[in-house]
Peer 1: 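Structure below; questions to follow.
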Amino acid sequence: MAEFVVVIADSIRGQGGEKTMAEPLENTLKGSVRLGNYLRRLRVGYGYSLRRVEERARAEGGEIDNSQLSRYEKGVCYPSFDKLRVLASVFNVSVQAFSDVVDLEAFEERCPEVEDPAELTAAGEAAARAGDYGLAFACFEKAVEQLESIDSGAGAEVGQARVNLAHVLARLGKLALAEQELKQALRVADRLDPAVAARALLALAGLHADQGDLFLAEIEAERAERLSRESGDTAASAMAVHTIARVFADRGRHAEAIERYRAAGEIYASLGNAYEAARVRVNIGARFVALGKVREGVRLLRAALQEAQASGYRRLEAQACSNLGEAYYHLADPAQATACFRRSDSIAGGGSERYPDLLFFNAYYEWKLAVDQKSPTREKIAFGRLKVLRSSLERRFPEVEAFDALVERGRSRA
């Protein structure tokens, strides 16, 4: 919850007031229209009246009268943290989801003036390929809104639009919101085109892999592959194989992962999907490094880096640099490793959209380098960066697990 507190504190400072966090937030802050709309959608989705939410809040041990909730929904004022905890229990969502909703307000001004859903989708896809997930989010969210106004949210086009939206929400680190979008799309799975249902399942598998639930992720990916094959959706089939490869990689089954990545890459190439084909090549290089075939991994990663840079694939460029840094770390070449991590930092943190997972990965290895070189000052700085980045990172991967274990050991000793 640190992230939400920071948002609220910044809002207080931005209004120039002398108020403190000790005062009830609903008395100090202008509310959030986006948060209000989100609360209203949750309430309507459950079929609750304002009075019913008041009753449910009391059953959860809290007090939120219907007039308070009405003010929150209209964006007149913010709920306090205690009220948010109660609302999270009532609607069965995480408090982090409320924080994420507020964070997304930063992208509202980037919402395109285009009204046509197809144009919005094309613009969102182009932004996602360029690594500008904030713009992609604005495009896909508006596409969902436009499509819902046409067919009331039950059609295949809305389902696909929600899958697109969930994809960029996951890239922005808003995993809880992404999962909600996917579950909403799958609620009408019997009315969805099998290809759309397959893509929704694939995105859900990716989210569960990000959260460390590899067993569920593999089941969903395999089911998605069957659906995509039956529907003749070759692109979705490639993504399913790609997702299974990712699960194998996360499980440490690197040789099997390489085999699946190559299969996915061949399908992407046949479809002319240059971005995903390039992403597969970065992943294959990283798996060779994990297998201990580091020099072959470096060769593949350098080729993938040149391709990503030439094509303007910003995230892939940053990812390739991170993976190269890891490779040089294993080759005991700290100078090259540091140069790669810093180049990745410059790309991952310097554009219109930051990539906190890559920044965390880089900071983790810079911390390890500082420990190896017995540099306490650099070690302290890198560890401080890790703590800051970890507070806003939902995705789990081996470096996150290792850091969490290290912090937990430190707490146990204290």
Side-chain angles (χ1 to χ4, degrees), residues 41 45 104 107 110-112 114-172 174-210 217 220-244 246 264 267-268 271-276 279:
R41 284 198 303 272
L104 293 171
F107 304 121
R110 305 190 69 188
C111 188
V114 178
E115 301 293 332
D116 179 54
E119 288 185 47
L120 288 164
T121 298
E125 289 172 347
R129 283 194 298 272
D132 189 346
Y133 298 117
L135 176 58
F137 164 78
C139 293
F140 290 144
E141 182 181 55
K142 189 170 181 181
V144 169
E145 291 169 357
Q146 295 296 319
L147 288 166
E148 281 186 327
S149 69
I150 297 169
D151 69 2
S152 73
E157 284 187 317
V158 177
Q160 180 60 65
R162 287 195 180 281
V163 172
N164 292 339
L165 183 57
H167 170 74
V168 294
L169 283 168
R171 289 295 187 187
L172 289 166
K174 313 304 181 188
L175 302 189
L177 296 181
E179 189 170 5
Q180 286 174 33
E181 290 292 339
L182 291 168
K183 286 181 176 177
Q184 193 161 341
L186 287 167
R187 250 179 227 150
V188 290
D190 57 327
R191 282 175 276 169
L192 288 178
D193 184 284
V196 176
R199 289 167 185 254
L201 277 168
L202 274 174
L204 204 54
L207 281 177
H208 289 143
D210 283 345
E220 289 163 341
E222 288 176 343
R223 184 180 165 203
E225 187 185 13
R226 286 194 299 273
L227 276 173
S228 58
R229 277 202 317 266
E230 290 166 6
S231 65
D233 187 343
T234 308
S237 182
M239 288 188 285
V241 176
H242 193 163
T243 302
I244 293 168
R246 182 262 173 96
I267 304 173
Y268 287 139
L271 294 170
N273 191 333
Y275 178 84
E276 291 299 334
R279 185 153 73 106

Peer 1: Can you name the nearest heavy-atom pair linking Ala136 to Ala127, along with the distance?
Peer 2: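 That closest heavy-atom pairing would be N-CB, 3.7 Å.
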Peer 1: Using a strict threshold of under 4.0 Å (side-chain N to carboxylate O), is an ion pair present between Arg171 and Asp210?
Peer 2: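 Not counted as a salt bridge, because no side-chain N and carboxylate O are separated by less than 4.0 Å.
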Peer 1: Once rounded to the nearest 0.5 Å, what's the spacing between atom CZ of Arg199 and atom CE of Met239?
Peer 2: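 Here the rounded value is 3.5 Å.
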Peer 1: Under the salt bridge (Lys or Arg N to Asp or Glu O under 4.0 Å) test, which residues partner Glu179, sequence neighbours left out?
Peer 2: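 Glu179 satisfies salt bridge (Lys or Arg N to Asp or Glu O under 4.0 Å) with Lys183 only.
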Peer 1: Using the rule given for side chain to side chain contact (heavy atoms under 4.5 Å, CB included), can you reason through Glu276 versus Leu271, listing the C-alpha separation, both sets of side-chain angles and the distance that settles it, and then say yes or no?
Peer 2: CA-CA 10 Å; Glu276 291 299 334; Leu271 294 170; over 6 Å; no
Peer 1: Rounded to the nearest 0.5 Å, what separation is found between the NE2 atom of His167 and the CG atom of Leu172?
Peer 2: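 Rounded to the nearest 0.5 Å, the NE2-CG separation comes out at 9.5 Å.
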Peer 1: Are the side chains of Leu177 and Leu104 in contact, using a 4.5 Å heavy-atom criterion?
Peer 2: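 Sidechains of Leu177 and Leu104: in contact.
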Peer 1: Does the ring centre of Tyr268 sit less than 6.0 Å away from the ring centre of His242?
Peer 2: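 Centroid distance His242-Tyr268: below 6.0 Å, so yes.
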Peer 1: Identify the heavy atoms of Ala161 and Leu147 that sit nearest to each other, and give their distance.
Peer 2: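 Smallest interatomic distance, heavy atoms only, reads CB-CD1, 3.7 Å.
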Peer 1: How close do Ala217 and Ala209 get, heavy atom to heavy atom, and via which atoms?
Peer 2: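 Minimum heavy-atom separation between Ala217 and Ala209: CB-N, 3.8 Å.
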Peer 1: For the pair Lys142 (side chain) and Pro112 (backbone), establish whether a donor and an acceptor sit closer than 3.5 Å, ignoring hydrogens and angles.
Peer 2: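 Yes.
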Peer 1: Have a look at Arg162 and tell me which of Glu141, Glu181, Glu145 forms a salt bridge (charged side-chain N to carboxylate O under 4.0 Å, His left out) with it.
Peer 2: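 The salt bridge (charged side-chain N to carboxylate O under 4.0 Å, His left out) with Arg162 is passed solely by Glu181 among Glu141, Glu181, Glu145.
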Peer 1: Could you walk me through whether Arg226 and Glu222 satisfy the salt bridge (charged side-chain N to carboxylate O under 4.0 Å, His left out) test, starting with their C-alpha distance in whole Å, then the side-chain angles of each, then the deciding distance to 0.1 Å, before giving a yes or no?
Peer 2: CA-CA 6 Å; Arg226 286 194 299 273; Glu222 288 176 343; 5.2 Å; no
Peer 1: Give, for atom CG of Asn273 and atom CD1 of Ile267, the distance between the pair rounded to the nearest 0.5 Å.
Peer 2: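 It comes to 11.5 Å.
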Peer 1: Locate the shortest heavy-atom distance separating Ala198 from Ala224; write the atom from each residue and the value.
Peer 2: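 Reported closest heavy-atom pair: O-CB, 3.4 Å.
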Peer 1: Identify the heavy atoms of Arg129 and Tyr275 that sit nearest to each other, and give their distance.
Peer 2: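 That would be O-CE1, 3.4 Å.
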Peer 1: Can you measure from SG (Cys111) to CG (Leu135) and round to the nearest 0.5 angstrom?
Peer 2: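 The distance works out to 9.5 Å.
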Peer 1: Checking salt bridge (charged side-chain N to carboxylate O under 4.0 Å, His left out) for the pair Arg223/Glu220: CA distance, chi angles, key distance, verdict?
Peer 2: CA-CA 5 Å; Arg223 184 180 165 203; Glu220 289 163 341; over 6 Å; no
Peer 1: Under 3.5 Å, is there a donor-acceptor pair between the side chain of Thr121 and the main chain of Pro117?
Peer 2: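 Answer holds: yes.
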Peer 1: Can you find a pair of side-chain heavy atoms, one from Leu169 and one from Phe137, that are under 4.5 Å apart?
Peer 2: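 Yes. Closest side-chain heavy atoms under 4.5 Å.
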Peer 1: Over all heavy atoms of both residues, which pair between Gly206 and Thr243 is shortest? Give the atoms and the distance, please.
Peer 2: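 In terms of heavy atoms, the two residues are closest at N-CG2, 4.5 Å.
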Peer 1: For Tyr133, give me all partners under side chain to side chain donor-acceptor pair (under 3.5 Å), at least two apart in sequence or on another chain.
Peer 2: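 Counting only residues at least two positions away or on another chain, Tyr133 forms no side chain to side chain donor-acceptor pair (under 3.5 Å).
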